[in-house]
Structures are given as structure tokens and as C-alpha cells.
2 protein chains.
Amino acid sequence: MSSVLSNLNNGSAPGAGAGASASGPSPTFSPLYQQIKALITQSLQSGEWKPGELIPSEVELAARFKVSQGTVRKAIDELAQENLVVRRQGKGTFVATHHEVRAQFRFLRLMPDEGEPHSADNRVIDVKRLRAPAEVARLLEMKSGDPMIFIKRVQSFDGVPTILEELWLPGVLFKGLTAERLIEYKGPMYGLFETEFGTRMIRATEQLRAVCADEHAAQLLEIAQGTPLLSVERVSFTYGDKPVEVRRCLYLTTTHHYQNELS
Amino acid sequence: MSSVLSNLNNGSAPGAGAGASASGPSPTFSPLYQQIKALITQSLQSGEWKPGELIPSEVELAARFKVSQGTVRKAIDELAQENLVVRRQGKGTFVATHHEVRAQFRFLRLMPDEGEPHSADNRVIDVKRLRAPAEVARLLEMKSGDPMIFIKRVQSFDGVPTILEELWLPGVLFKGLTAERLIEYKGPMYGLFETEFGTRMIRATEQLRAVCADEHAAQLLEIAQGTPLLSVERVSFTYGDKPVEVRRCLYLTTTHHYQNELS
DNA sequence: CAGTGGTCTAGACCACTCC
DNA sequence: GAGTGGTCTAGACCACTGG
């Protein structure tokens, strides 16, 4: 009947209301739409519906979960708001993907002071297999010394080197990742991760600081040592709030700036 | 009857649906709940309900606007999401205010690298009446030379000068603002603006860059000239997306960082 | 206890998209 | 036209808050 959900609709009329009922000392309850949301998220995570694909319609999901369309709708509303899915009127609801202009700029806040953002051209400096340093391991909730993939690259805009990035990825999740794959791949790196390695970045936290370019950074960015740079340390998370990427970026902010909205 | 709204409910059954009907070449339509949202926003802006106060209940608003409670609910949902209003179950819906811990950190993203954020102590350096420079006027959609209030202050954490700010405010809106008022006032500056001058900051945009401390900044922050600083240029907006503050901050990021969420 | 927001349902009509 | 998400209603029960 009521599937696995803690819904208690039986015979009688409409009106349900989740929450505790008379029976059972069950400790925690969550609203029905939250449970639906969790179920849908599971299907997304498991790859039952892949990025870019259409998910079942609201009516179909309502039937599957034996709840009203309104409840499914509220669940999907929240998923859409968290950018896990995208609603398109008349078409349906799609799994979000990093292969869209739309999603690109959520994770790249560096904008030119004037004019529209150009696409960067990427120069891969290095791709190595390394052991996780203590700090990286801590941030990714792994053990120090676990196998990792380390990537260093420089991004240029209009031929001007502007971003120097160093990434750490869990070796287990990104086994076949090589410099060649990175170089030949067209499009955003998170798109590559998503389609080739089945790991989709959902959200990230960043810590920003102003620092001076050391000799190494100065050389790669072709600037004077001591030039002020914007340091951005990012931790990215996939489904289930699992951290899967540590990234340390240095942005040259002479003709660009980091754009942020406080709302 | 149907008030001022473009709702077309008459006699018949339930089910309404906004949008164009047979009559009239009316060009633009917006959903009912958007119109309700706009009306509520007007009441907030006009000061009919002041920050911290309780607004009428959903049922009361539904009656007033002659729509269903669900429609009012959707309008308020969006207002809550935009932080214009705060819902409290069992109590009611309140006008958001800057006099809450909750609201403080939305507009101050600088966090200590370790430990909990302390409250800053503020040292007002200067409060002047000036004419708007071209750049400030442009950002605030005013005319170059319009009367402005200029504020310069330094904020310290644990006795360490960390933030140097320069603010520009429209003189018309902040007439009675003096150094004394700023100094004697306890609590967040946006709280002062809200209660004393009736201008509530709703959202802001920030542009971040890494720069070097010039002589002036170095002196006030008690650091060496050339120290890298995080430059944050903010424009704040009040109701109706009207820009009412330009702020240029310099953050010392040796023991603090600018925290950001990408989601 | 009454009043508030929070959840859930069922059913209606709408605008949009694609065939 | 059929199918999708988007809006709207009316009514039910719930959890939480306060007197």
C-alpha cells in the first residue's frame, strides 16, 4: 500500500499531514514531500536518470509514490531550487548538467571588468598521481596518503594568463583521468567529470584571501613576483554532501574581478 | 469586486488561473500570487508594517485580497526566500530586520580562519558631507555633484585592525546622520539605517579584487605598505532594486577569509 | 484553548511544447 | 490534440505558540 513512506493515508477522506501518529515511538519524522525529494535524489545519484535526461512527469511520479501531484511538485520545486533539476514548461523536468551555459557561471565567478565573459583557453601544466597531503585528506574526509590525482593548469583570457589552479581529486573516483583526456576535452571540466566519471558537482564552498604571487606563480602567470593575487580555496561536494574536490586557485584581478551577490 | 487584481473569478466554480482572458488586448499579465507579492512588498516599503513587526496572518491577507490562502502563501513563500520576511510557525510572519544575529552575516562574509566570529569594534575615522564623484553617482543612479554623506571607519577584531571601509550614502536619505550617531549606536550599521532613517538594505552586489595596501591604508590598518588586501566594492539596494549605498572595503586576510557558498 | 504557519489532497483551468 | 509544468481554489488535518 503506502510504499515505504511514513504516510498514513488510509480509507477515509483526503487530508493527510505527515508527522507522528498514535502508534510507535518513532523518533524522527519528516514531511512527505521531503521523503519524496530524498527518493528522487537517490534516483539522480544512482544514475537512473542521467544528466540532461528527462525525468518522469509529476503525475507519473505521484502515481509511483502514491501521493498527490502537489506533494511531488513541492519536492521537485526544492530540487529545482538547489539546481539538481531544471523545469521546462510544456516539456518536462530535466536532470541538471554542467554542459550548459547556464551552469557554467555558477562555479566561475571571475568576470571581466568590461564586456562579456569570454571562454578561457586552458593549458594543462601537470597531471600526476600523488598521495593525499594531510590538509587535503582532512578536507575530503579521507586518509592522509590515500591515492589522489593532482592537476595543475593555467587559464587565459584573450591570451592573458589569468587563473592558476591546482586540483586534488580522489584517485578512486577518477581512475582513467589523464592529461590527454583533459586537454582534448572540449567544454567545462565539471562536464567531463560528470559524463566520463559519473561524479557531478552539486555545490561548493570557497574561502577568499589576498596574497602575493610567489616565484612559481609569477612565472606561470607571467607577472612580477609580489603581484597581489586573489586566492580562492574551494571544496566541491557531490550528492549526499560528500566532498570530492579540493582546488586552490590564484586569480589575477587586474582586468577581472570576482563577482558575488549578497541576497 | 475583484479589487484591483487581474483575477477574473466570478460566480462559477473554483479554479481560476490568471493570464489573459477573451476580453481586452491587455499586453502583460502576471500570476495572481506575483501581484499579491507586489502588494505586500508595497506595504513593507511604505512602512505600513515596520521591521520586526508581525504582518497580518495568511487568512487575513487572503480575505483582504479576495484570493485563496494558498495564493497568499505562495507570495509570502517567495518573500521569505528573499529575506524580506521571516516565518515563524505558530507565531506568524514578521518583517525581517537587521537587528538579528541571523541577518548580520548575510552582509559580512569575513570570517576568522579559526574559532567563532567575534563582534567587531568600530572606530569612526571620518564623517563628511561631500558632492558625489562621477563614479559614485553612476553606481547610485544619481547626478554627479549631488549631496552625499561620506563615512570612513576601521573595524578591529580582538584589537587587530582588519577592515577599512569608505561609504557613500545619498545625503537626501540620511540627513541627520552624524559621527556621534554612528559612534554611540550599538549594533549593526544597517540596523541604524533601518530604524533611524527608514532605509532597509535588501541585497547587495560585490566585486572582489586583490590589491596592495597604499600608504594611507597601511597606516590605518597598522600594516606594512604593499601588504596584499582584499578589495570589496559593494553596491547595496533597497526596495525596488534602488541602489542606496556604495562601499569600498579593504579586508586584511591574514587571519580572516571571505567565505562564500556556490550553490 | 484559539490562532498561526506547515503539510496534504483533489480537482480545475491555464500556457506552453511538440506532433 | 495530448502531455507537460504553472496557477488557483477549497478544505482538511497537523505542529507549534501563546494565553
Side-chain angles (χ1 to χ4, degrees), chain A residues 2-3 5-22 26 28-37 40 53-63 65-81 85-94, chain B residues 2-3 5-22 26 28-37 40 53-63 65-81 85-94:
Chain A
S2 66
S3 74
L5 308 178
S6 309
N7 190 8
L8 307 172
N9 320 359
N10 307 19
S12 53
S21 81
S26 0
T28 59
F29 276 95
S30 70
L32 244 191
Y33 75 88
Q34 288 287 2
Q35 303 176 42
I36 305 292
K37 182 181 167 189
I40 296 176
E53 285 182 8
L54 189 64
I55 77 171
S57 73
E58 295 180 356
V59 274
E60 191 175 334
L61 289 172
F65 297 132
K66 296 197 165 67
V67 299
S68 82
Q69 182 181 353
T71 302
V72 171
R73 164 161 283 271
K74 183 147 187 182
I76 296 182
D77 275 346
E78 291 202 353
L79 292 173
Q81 191 162 1
V85 298
V86 177
R87 320 191 76 143
R88 296 196 207 288
Q89 175 166 134
K91 293 190 184 176
T93 302
F94 297 79
Chain B
S2 65
S3 74
L5 307 178
S6 308
N7 190 10
L8 308 172
N9 320 0
N10 307 19
S12 56
S21 81
S26 357
T28 60
F29 276 97
S30 70
L32 244 191
Y33 75 88
Q34 289 287 3
Q35 302 177 41
I36 305 294
K37 183 182 165 190
I40 297 176
E53 285 181 8
L54 188 64
I55 77 171
S57 73
E58 295 181 356
V59 274
E60 191 175 335
L61 289 172
F65 297 132
K66 296 195 165 67
V67 298
S68 83
Q69 181 179 354
T71 301
V72 171
R73 163 162 284 273
K74 184 147 187 181
I76 295 182
D77 275 345
E78 291 202 354
L79 292 172
Q81 192 163 1
V85 114
V86 177
R87 319 190 74 141
R88 297 196 205 288
Q89 175 167 129
K91 292 190 186 175
T93 302
F94 297 78

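Chain identifiers are assigned alphabetically (A, B, ...) following the order of the sequence lines, protein sequences preceding nucleic acid strands; residue numbering begins at 1 within each chain. Nothing here was measured: the structure is a model prediction, and the numbers come from that model.
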Of the candidates dT4(C), dT4(D), dT7(D), the side chain of Val59(A) sits closest to dT4(D)

Would you mind reading off the distance between Leu61(B) atom CG and dT9(D) atom P, rounded to a whole angstrom?
14 Å

Return the nearest nucleotide to the side chain of Leu32(A); candidates are dG5(C), dT9(C), dC8(C).
dC8(C)

Checking contacts here: which listed nucleotide (dG6(D), dC8(C), dG5(C)) is nearest the side-chain heavy atoms of Glu58(B)?
dG5(C)

In chain order, what residues pass the salt bridge (charged side-chain N to carboxylate O under 4.0 Å, His left out) check against Lys74(A), with sequence neighbours excluded?
none

Give, ordered by number, those residues of residues 86-94 of chain B having at least one heavy-atom distance below 4.0 Å to an atom of DNA chain D; if nothing qualifies, reply none.
Gln89(B), Gly90(B), Lys91(B)

Residues that Val86(A) engages under side chain to side chain contact (heavy atoms under 4.5 Å, CB included), provided they are two or more places apart
Arg88(A), Ala96(A), Arg102(A)

Rounded at 0.5 Å granularity, tell me how far OG1 in Thr93(B) sits from CD1 in Ile40(B).
9.0 Å

When you check the phosphate oxygens OP1 and OP2 of dC8(D), does a side-chain N or O of Lys74(B) lie under 4.0 Å from one of them?
no

What is the separation between atom CZ on Phe65(A) and atom C1' on dT9(C), rounded to the nearest whole Å?
18 Å

Spacing between Lys37(A) atom NZ and dT7(C) atom C1', to the nearest angstrom:
15 Å

Can you tell me the distance, in whole Å, between the CD atom of Glu60(B) and the C1' atom of dA2(C)?
15 Å

OP1 or OP2 of dT7(D) versus the side-chain N and O atoms of Thr71(B): is any pair under 4.0 Å?
no

Distance in angstrom units between Gln69(B) CD and dA12(D) C1', rounded:
11 Å

CG on Leu61(B) to CD1 on Ile55(B), rounded to 0.5 Å
5.5 Å

Return the set of residues passing side chain to side chain contact (heavy atoms under 4.5 Å, CB included) with Arg73(B) (not counting sequence neighbours), or none when no residue passes.
Glu58(B), Asp77(B), Arg87(B)

Provide, to the nearest angstrom, the distance between the OH atom belonging to Tyr33(A) and the P atom belonging to dT9(C).
13 Å

Under the side chain to side chain donor-acceptor pair (under 3.5 Å) rule, collect the residues that match up with Ser68(A), sequence neighbours excluded.
Thr71(A)

Is there a side-chain contact between Ser68(B) and the phosphate of dC8(D), meaning an N or O under 4.0 Å from OP1 or OP2?
no

In whole angstroms, the gap separating C1' of dA10(C) from NZ of Lys66(A) amounts to 18 Å

Using a cut-off of less than 4.0 Å, is there contact between a side-chain N or O of Arg73(A) and OP1 or OP2 of dG5(D)?
no

Nearest-Å distance for atom pair CG/C1', residues Asp77(A) and dC8(C):
15 Å

Measure from the side-chain heavy atoms of Val67(A) and tell me the nearest of dT4(D), dG5(C), dT9(C).
dT9(C)

Applying side chain to side chain donor-acceptor pair (under 3.5 Å), name anything that partners Glu60(B), two or more places apart in sequence or on another chain.
none

